[in-house]
Amino acid sequence: MTLLTTWPESGPETVVRRTADPAEIAAALAPIGVRYEQWPVLEHVPFDAGIEEVSAAYRADIDKLTAEEDFKMVDVVALHPGDDPEFPAKAAAARAKFLQEHTHDDDDEVRFFVAGSGIFYLHAQGEVHAVLCEKGDLLGVPRGTTHWFDMGTSPSFTAIRFFHEEDGWIGNFTGSPIAARFPDFDTITAAYAAEAEAEVAQ
């Protein structure tokens, strides 16, 4: 399930907000210009569907958003555990690419999660918002917003990416160590899963 956790930028000792309600998440992120919405999930698309299959299945949604917001390029990224012995090394390299705080000065970052999950950390107006995105979530981060992304130590996700610029993903790293001060993907998702299990057991 999607989850938003907000802390002061000074550190995670104090939780300002924690909610799994989609309407509350959208309302909390709107003041910093971040777009959050949920698209209908196509259940017939397999969890580990290939790039071409995902593109074909969501073609109507892709074409609609592309036309409405003048996106110049759309692609699909997928990373899931499998039999590849090199997966751990590939996963670690992919994770490291996005794990430090950065901005995109020439484009927004718009992602729709088809499968799996990942956490966007948004650093704005003195706060850090950790948005755990899962299947069906669309997040749009405005250009210039400082943020980072964590897919965890064993990444498993498929996402459609939308770009206004044909150059694709270009990150401008701030050099700040702030990302290391906040709970990572594995910590947040493990705690969330434990809470869910405890609720079921009650």
Side-chain angles (χ1 to χ4, degrees), residues 1-38 77 79 81 88 91-105 108-113 115-157 159 169 171-202:
M1 183 178 292
T2 309
L3 178 70
L4 168 65
T5 308
T6 302
W7 307 278
E9 65 183 2
S10 57
E13 294 77 17
T14 302
V15 176
V16 176
R17 179 187 300 104
R18 192 169 187 272
T19 179
D21 181 85
E24 292 181 3
I25 293 173
L29 298 179
I32 59 172
V34 172
R35 169 187 189 172
Y36 171 77
E37 59 189 57
Q38 293 184 321
V77 290
L79 191 60
R95 185 189 188 206
K97 179 179 179 179
F98 306 108
L99 200 52
Q100 300 303 312
E101 185 184 67
H102 59 276
T103 64
H104 303 293
D105 294 341
D108 302 331
E109 183 158 5
V110 181
R111 304 289 180 266
F112 171 66
F113 282 79
S117 58
I119 299 180
F120 276 93
Y121 295 79
L122 313 167
H123 181 198
Q125 298 182 3
E127 295 180 325
V128 171
H129 308 271
V131 189
L132 171 58
C133 295
E134 297 196 330
K135 180 172 68 173
D137 290 334
L138 182 139
L139 194 74
V141 181
R143 66 190 67 192
T145 301
T146 49
H147 66 284
W148 64 95
F149 176 74
D150 190 5
M151 60 185 76
T153 53
S154 184
S156 182
F157 71 93
W169 194 94
N172 300 303
F173 292 88
T174 67
S176 170
I178 187 172
R181 299 207 303 264
F182 290 86
D184 62 9
F185 175 92
D186 292 346
T187 301
I188 290 177
T189 54
Y192 199 20
E195 289 178 7
E197 290 179 3
E199 290 181 2
V200 171
Q202 290 179 353

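All values reported here derive from a predicted model rather than from experimental measurement.
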Asp108 side chain vs Arg143 backbone, donor-acceptor pair below 3.5 Å: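 Side chain of Asp108 to backbone of Arg143, a donor-acceptor pair under 3.5 Å: yes, one is there.
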Could you pull out all residues at least two apart from [X] that satisfy ring pair (Phe, Tyr, Trp, His ring centres under 6.0 Å)?
X	answer
Phe185	none
Phe113	none
Phe120	Phe149
Phe173	His102

Among Leu122, Ile119, Val141, Thr6, side-chain contact (heavy atoms from CB on, under 4.5 Å) partner for Val131: Leu122
Contacts of type side chain to side chain contact (heavy atoms under 4.5 Å, CB included), residue Thr146, not counting sequence neighbours: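 With neighbours one apart ignored, the set is Glu101, Thr103, His123, Thr174.
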Side chain to side chain contact (heavy atoms under 4.5 Å, CB included) partners for Pro8, two or more places apart: Ser10, Thr14, Val16
Ser156: side chain to side chain donor-acceptor pair (under 3.5 Å) partners, not counting sequence neighbours: His80
Shortest non-hydrogen contact from Leu79 toward Ala91: CD2-CA, 4.3 Å
Considering all heavy atoms, the nearest Pro183-Tyr121 contact: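 Heavy atoms of Pro183 and Tyr121 come nearest at O-OH, 2.6 Å.
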Pairs satisfying ring pair (Phe, Tyr, Trp, His ring centres under 6.0 Å), at least one member in residues 8-38, at least two apart: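 For residues 8-38: none.
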Is the shortest side-chain heavy-atom distance between [X] and [Y] below 4.5 Å?
X	Y	value
Asp150	Phe98	no
Ile188	Phe182	no
Ile32	Thr145	no

Proximity of His129 and His147 rings by center, below 6.0 Å: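 No, ring centres 6.0 Å or more apart.
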From CG (Leu139) to CZ (Arg111), nearest 0.5 Å: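 Between atom CG of Leu139 and atom CZ of Arg111 there are 9.5 Å.
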Give the table of side-chain donor-acceptor pairs shorter than 3.5 Å for residues 20-31, with sequence neighbours excluded, one pair per line with atom names and distance.
residue	atom	partner	partner atom	Å
Asp21	OD2	Ala23	N	3.1
Asp21	OD2	Glu24	N	2.9
Glu24	OE1	Thr19	OG1	2.6

May I have all residue pairs that pass salt bridge (Lys or Arg N to Asp or Glu O under 4.0 Å) and include part of [range], sequence neighbours excluded?
range	answer
residues 120-137	Glu43-Lys135
residues 5-18	Arg18-Glu195
residues 181-194	Arg95-Asp184

